[in-house]
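Below, read A as the first sequence line, B as the second, and so on, with proteins coming before strands; counting in each chain starts at 1.
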Number of protein chains: 2
Amino acid sequence: MTMPSTPRPGGRSARIQAAVHQAVRELQKEQERAELTVPAIANRADVTPSTIYRRWGDLAQLLADVAIEQLQPDQPPADTGSLQGDLRAWLIEYFEEMSSAPGRAMLRDVLGTPGHANAGKCDGFLRQQIEAINERALARQEVPIDPEKVIQIVVAPLLYRILFANDTPTTQAVEALFERLTMPTKT
Amino acid sequence: MTMPSTPRPGGRSARIQAAVHQAVRELQKEQERAELTVPAIANRADVTPSTIYRRWGDLAQLLADVAIEQLQPDQPPADTGSLQGDLRAWLIEYFEEMSSAPGRAMLRDVLGTPGHANAGKCDGFLRQQIEAINERALARQEVPIDPEKVIQIVVAPLLYRILFANDTPTTQAVEALFERLTMPTKT
DNA sequence: CCACTAAAGCAAAATATTTGCTTTAGTGGT
DNA sequence: ACCACTAAAGCAAATATTTTGCTTTAGTGG
């Protein structure tokens with residue numbers, strides 16, 4: 001039932017994909033976006049451009065693919081000893097990352113791409129992390145929080161500010177929204 | 001103090017811009033995005049491609065420019081007789097538009113583009129419309145609503161769903177969030 | 001070890017983008 | 001009304017990119 005994302009996971013395909021992804025990440029750090037071109041990436045990855053075009057279609061889709069990979073959480077949220085602590089710490093860190101220039105670029109790459117699959121994964125990752133926090137909370141006999149609520153009350157407004165208002169939410173702004181989660185009757 | 005967006009508003013520049021914008025809108029309706037290319041647009045607009053490249057830089061920026069123009073409200077929100085009615089009606093219509101395929105495409109074009117100026121305009125338009133509703137409310141002796149609240153509580157979560165969850169919010173979903181605005185103590 | 005297949009390489013062709021220079025349309029001064 | 005001036009458009013040659021048909025290679029299963 002496991003449909004592998006690459007038909008031959010252990011082999012050449014995977015190596016090429018890794019090389020191309022790494023080339024993208026390297027070049028993103030080294031130069032302007034304007035010079036981040038498919039031939040340049042192919043060259044750095046020691047691959048022919050046609051390989052990239054055939055596998056990813058175009059630059060936008062490749063960048064979205066790389067962005068998603070980087071957006072994927074590599075660690076579970078830190079354990080601070082309580083659900084509230086875990087959630088607060090994770091939210092602060094998450095929005096610090098998303099407000100940064102590279103974070104914004106990743107969001108652009110993911111949202112600017114036609115296929116919705118990528119944006120959907122972002123949502124998935126977010127929920128996974130919240131679930132992970134909830135599971136730890138359950139193990140501690142705490143009462144879990146509705147992930148949907150976290151997203152609606154904290155995540156969505158902050159992403160709105162980053163995406164539409166070009167605002168960089170301060171830690172205080174994150175905490176202010178966080179409070180609404182736990183003190184639902186307060187304004 | 002008015003810095004004109006085009007240096008010679010009444011003249012050739014404006015005509016060319018109009019022709020190019022219209023060409024984009026026409027072609028967007030007629031064909032796939034893949035065939036929506038700068039040379040094709042130039043051809044339809046009876047303009048040389050280099051004009052487009054020099055004025056807009058590339059396809060993405062041109063599309064973002066056109067999207068912003070279309071996102072700009074052409075009418076003030078409908079007058080239903082009360083602030084709540086105006087706001088509810090406007091929100092429902094707004095999210096119907098944004099959930100549609102063309103609406104999503106416009107959001108993609110705007111958000112996928114590096115310069116943040118465009119996304120910022122979206123936020124501006126939104127607030128303008130809310131302000132317009134508030135001004136009418138004031139004229140009716142009603143108490144206005146904080147635009148920031150509307151955005152945080154209703155707009156941001158719905159945009160999140162459209163952008164990240166590929167969800168098409170129902171009218172009921174819009175209304176459910178709308179209620180939170182006016183009944184702040186309820187869940 | 002051999003046959004099979006999916007994906008990569010290669011190179012030529014097709015497209016798109018950039019660029020230097022020329023031409024045109026609008027602006028302001030007389 | 002004319003003339004000089006300028007910003008933007010047109011044009012065409014030079015580059016760069018993307019696409020494509022075919023060949024080669026690496027991994028898979030028998």
Could you check which of C:dG26, D:dG10, D:dA9 has an atom nearest any side-chain atom of B:R55?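 The closest nucleotide is D:dA9.
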side-chain contact (heavy atoms from CB on, under 4.5 Å) with A:Q31: which residues, sequence neighbours excluded?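 Once residues adjacent in sequence are excluded, the partners of A:Q31 under the side-chain contact (heavy atoms from CB on, under 4.5 Å) criterion are A:L27, A:E35, A:L36.
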Contact under 4.0 Å: B:R15 side-chain N or O vs D:dA8 OP1/OP2: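 False: B:R15 side-chain N/O out of range (4.0 Å or more) of D:dA8 OP1/OP2.
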So, is B:T37 close to the C:dA16 phosphate, meaning a side-chain N or O under 4.0 Å from OP1 or OP2?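 Answer yes for this pair, as a side-chain N or O of B:T37 is under 4.0 Å from OP1 or OP2.
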[X] [atom1] - [N] [atom2] separation (whole Å):
X	N	atom1	atom2	value
B:N43	C:dT15	CG	P	14 Å
A:Y53	D:dT17	OH	P	7 Å
B:I41	C:dA16	CD1	P	11 Å
A:R54	D:dT23	CZ	P	13 Å
B:L59	D:dT18	CG	P	12 Å
B:R12	D:dT6	CZ	P	16 Å
B:I52	D:dA8	CD1	P	16 Å
B:I16	D:dA7	CD1	C1'	13 Å

Mind checking A:S50 for me? I need base, sugar-phosphate or nothing, with any heavy atom below 4.0 Å counting as a touch.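 Contact class for A:S50: base.
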Identify the stems formed by DNA chain D, where each pair is Watson-Crick or G-U wobble with both distances under 3.5 angstrom and a stem is at least 3 consecutive pairs.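 Counting only runs of 3 or more consecutive pairs, the stems involving DNA chain D are C:1-30 with D:1-30.
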